[in-house]
Number of protein chains: 2
Amino acid sequence: MEVLDLIKTIAPEAIKILEERYLILRTILYNQPIGRRSLSDILGFKERAVRDQVVFLRNQGLLKIDFMGMYITDEGIKTLESLNPIYNHIKGIPELEVKLKKLLNIRKVSILPGNSKDSGMVLRDMGKITSKIIKNIINNGDIVGITGGSTMAAVAEEFVPDKIKRDVIFIPARGGLGRNVETQANSIAATFAKKLGGTYRLLFVPDGLEKEALEYIIKNEDIKESLNLIDNMDMLIFGIGRADTMAKRRNLPPERVEELISRGAVAEAFGHYFDINGKEIWEYKTVGLSLNKFKKLNNVVAVAGGAEKAEAIIAIATLNENMVLITDEAAARKILKLVDNAT
Amino acid sequence: MEVLDLIKTIAPEAIKILEERYLILRTILYNQPIGRRSLSDILGFKERAVRDQVVFLRNQGLLKIDFMGMYITDEGIKTLESLNPIYNHIKGIPELEVKLKKLLNIRKVSILPGNSKDSGMVLRDMGKITSKIIKNIINNGDIVGITGGSTMAAVAEEFVPDKIKRDVIFIPARGGLGRNVETQANSIAATFAKKLGGTYRLLFVPDGLEKEALEYIIKNEDIKESLNLIDNMDMLIFGIGRADTMAKRRNLPPERVEELISRGAVAEAFGHYFDINGKEIWEYKTVGLSLNKFKKLNNVVAVAGGAEKAEAIIAIATLNENMVLITDEAAARKILKLVDNAT
DNA sequence: AGCTGCGGGACAATATCTGTCCACGCCATA
DNA sequence: TATGGCGTGGACAGATATTGTCCCGCAGCT
């Protein structure tokens with residue numbers, strides 16, 4: 001990588017070109033087949049520039065063009081993969097990761113360049129990286145908790161399956177939440193199990209039950225078993241949300257949302273609400289993973305991107321030093337900014 | 001270095017820029033202080049291009065400009081040094097070295113990019129590299145033979161002195177040859193001794209002596225001692241010449257030159273003439289290192305550059321498998337071409 | 001004192017880049 | 001089977017950069 005730094009000083013133009021072509025190649029990979037115009041729209045590049053670069057990349061055999069649009073070639077994919085660490089280095093991601101890890105005082109931080117809010121590709125890359133990380137830390141015999149949400153759905157979706165059979169059980173970490181089947185913890189747990197080669201259990205507890213109904217439902221054998229598994233969970237993979245958006249999404253009454261916010265709630269994770277210091281403000285009424293159990297977990301993988309989640313990430317990171325965080329550049333830089341301003 | 005190959009495919013323009021700036025920086029180092037115009041003359045670049053690059057390099061803090069011309073800064077020297085292997089890689093030097101080593105079947109080949117005939121800088125770099133190599137293989141107690149010639153003079157000149165004291169004796173490998181003191185084996189041996197921290201002996205045997213005179217002179221004590229050292233030589237550092245140019249330089253009668261050439265002589269080294277297969281054609285009448293002794297030497301370092309010496313290098317390389325060859329790109333490519341055509 | 005080679009300013013000529021057309025092919029849909 | 005949408009690739013004028021040159025004032029050298 002010193003080579004790169006050298007090139008930075010002696011041929012900075014090269015870095016620009018590199019970045020441009022990398023971005024184009026990557027965007028094609030994730031959107032193929034795609035046309036010149038939509039490509040320049042997505043990237044915010046001028047159409048003509050895109051066109052020139054595309055011609056170049058085709059000549060290099062990295063992509064193909066036909067009447068449907070542009071496709072990446074195998075060669076292109078290989079090149080793109082080699083380019084990933086280079087792009088990260090250029091963007092200063094490794095330095096950011098070290099800084100953030102220290103700042104949040106957690107086990108590991110992995111950052112994807114860009115903003116997952118603007119670009120679905122970044123979210124998908126976060127999923128890919130999470131997939132790799134999970135494969136590394138998961139052990140046979142583990143009971144693995146899973147939460148819902150669109151980020152977690154993307155992670156599940158981008159999981160790269162392999163042929164290894166794993167003796168692992170995936171289980172939703174909490175009941176409740178979600179009209180959309182795709183982003184429900186249950187479906188996500190199923191996808192994980194399928195791609196990682198394990199089994200899964202479901203946990204169906206409707207939202208907003210009264211206390212009596214909840215107590216009644218807990219007596220159900222299936223649910224009992226699931227709750228038992230949750231109590232013995234070895235690992236948790238979860239998304240982090242903003243308190244306000246999550247409260248609204250759960251259709252809490254406006255006054256309740258108001259109250260949470262006024263009490264300083266910024267983060268939501270597995271049904272609990274926290275202020276920026278990690279103090280629990282409120283717990284959503286359902287069954288599942290308790291805060292105490294969470295704090296004692298040895299393997300926790302949090303996935304969250306986008307600048308707007310910066311506070312939420314800070315809050316959750318205080319809860320467990322063993323946390324592994326996968327996030328994006330936008331969130332990372334916002335977190336640093338917030339903490340810098342605070343000091 | 002895979003980074004470089006990647007950049008080659010995805011941003012070849014970058015390589016061009018890199019090369020241009022590298023060459024400019026290097027030329028300034030070797031010619032400072034130098035002006036924009038002479039610089040573009042030497043490099044064969046357009047003056048304007050040089051000017052732009054120079055402005056860039058100054059902004060990067062790699063060179064300084066004052067009314068006398070341009071100088072490289074410390075930062076620039078550091079950058080240039082890091083750039084050396086990159087430039088070599090771009091030029092495909094490492095591959096060339098491997099090829100040539102196999103082809104000539106000798107111990108080691110070291111190639112400098114460029115042509116030492118066109119550019120004094122290449123010759124000087126050859127000297128620098130030779131200096132490094134010699135430092136690595138020289139042992140305490142060694143008796144080291146030295147030949148004359150402009151190449152050897154350059155090597156001696158570019159030798160980077162260090163503070164290590166070495167218990168080493170440098171000695172001219174052969175008597176005779178040379179009107180120019182600078183390029184005589186005697187002076188070169190002295191320079192080596194001074195820079196490497198050893199001692200040296202001289203060997204004065206005038207050119208073109210008759211047999212009787214030679215026999216007489218050998219009885220001299222000093223010369224006897226020197227000849228004895230030569231017989232016990234451990235290492236030889238020598239230049240390789242073309243048979244024709246060396247014959248002329250020695251002022252041999254034209255019919256003798258004709259005869260040598262017609263008998264296939266292409267190479268000259270330490271007073272011996274060889275055809276391309278390494279067969280000795282003739283030996284210049286003087287005293288010193290014999291062919292047999294040379295063939296048995298364990299440490300032989302040959303320095304020769306320029307396409308015109310290709311045949312000579314091929315010839316000499318057949319004589320001793322232990323040879324280490326320092327040459328330039330022009331000679332290396334010519335050698336490959338010659339051998340390819342022969343097969 | 002006169003000459004040479006230096007950097008840097010200026011500027012017209014030229015090449016390259018940029019933005020925007022359009023023609024035409026293929027798909028999906030009606 | 002017509003049609004609208006999205007694709008490529010060709011074309012080209014206007015905007016921008018690059019390039020080749022010349023000149024100026026200055027300092028060192030002879």
field: Student check: side-chain heavy atoms of B:Y22 and B:I90 closer than 4.5 Å
entry: no

statement: Looking only at heavy atoms, the pair that brings A:D5 and A:H89 closest together is OD1-NE2, 3.1 Å

Length of the line joining A:I65:CD1 and D:dG10:P, which is rounded to integer Å: 11 Å

field: Distance, nearest 0.5 Å, that separates CG of B:D118 from CG of B:D328
entry: 9.0 Å

message: Given 3.5 Å as the limit, does a donor-acceptor pair link the side chain of A:T73 with the main chain of A:G61, or not?
response: yes

- request: Could you tell me the separation between the CG atom of B:D66 and the C1' atom of C:dC6, rounded to a whole number of Å?
  value: 9 Å

Between P of D:dA17 and CD1 of B:I17, the distance in whole Å: 16 Å

message: Please report the interatomic distance CG(A:L196) to CD1(A:I134), rounded to the nearest 0.5 Å.
response: 7.0 Å

message: Whether A:S40 contacts C:dG19 is assessed here as follows: a side-chain N or O lying under 4.0 Å from the phosphate OP1 or OP2. Is that the case?
response: no

- prompt: What pair of heavy atoms forms the shortest contact from B:L6 to A:S82, and how long is it?
  reply: CD2-CB, 3.4 Å

Value rounded to 0.5 Å, distance of CZ in B:F192 from OG in B:S131: 8.5 Å

- prompt: Roughly, in whole Å, what's the span from CE in B:M70 to C1' in C:dG5?
  reply: 12 Å

Collect all protein-nucleotide pairs involving nucleotides 18-25 of chain D in which both atoms are nitrogen or oxygen and the distance is under 3.5 Å.
residue	atom	partner	partner atom	Å
D:dG20	OP1	B:K46	NZ	3.3
D:dG20	O6	B:R48	NH1	2.6

Under 4.0 Å protein heavy-atom contact, by nucleotide of nucleotides 25-30 of chain C - B base, S sugar-phosphate only: -SS---

message: Do A:R21 and A:F56 form a cation-pi contact, if we require the NZ or CZ to be under 6.0 Å from the six-membered ring centre and within 45 degrees of the ring's axis?
response: yes

- line: note: B:I34, atom CD1; C:dG7, atom P; distance rounded to Å ~ 9 Å

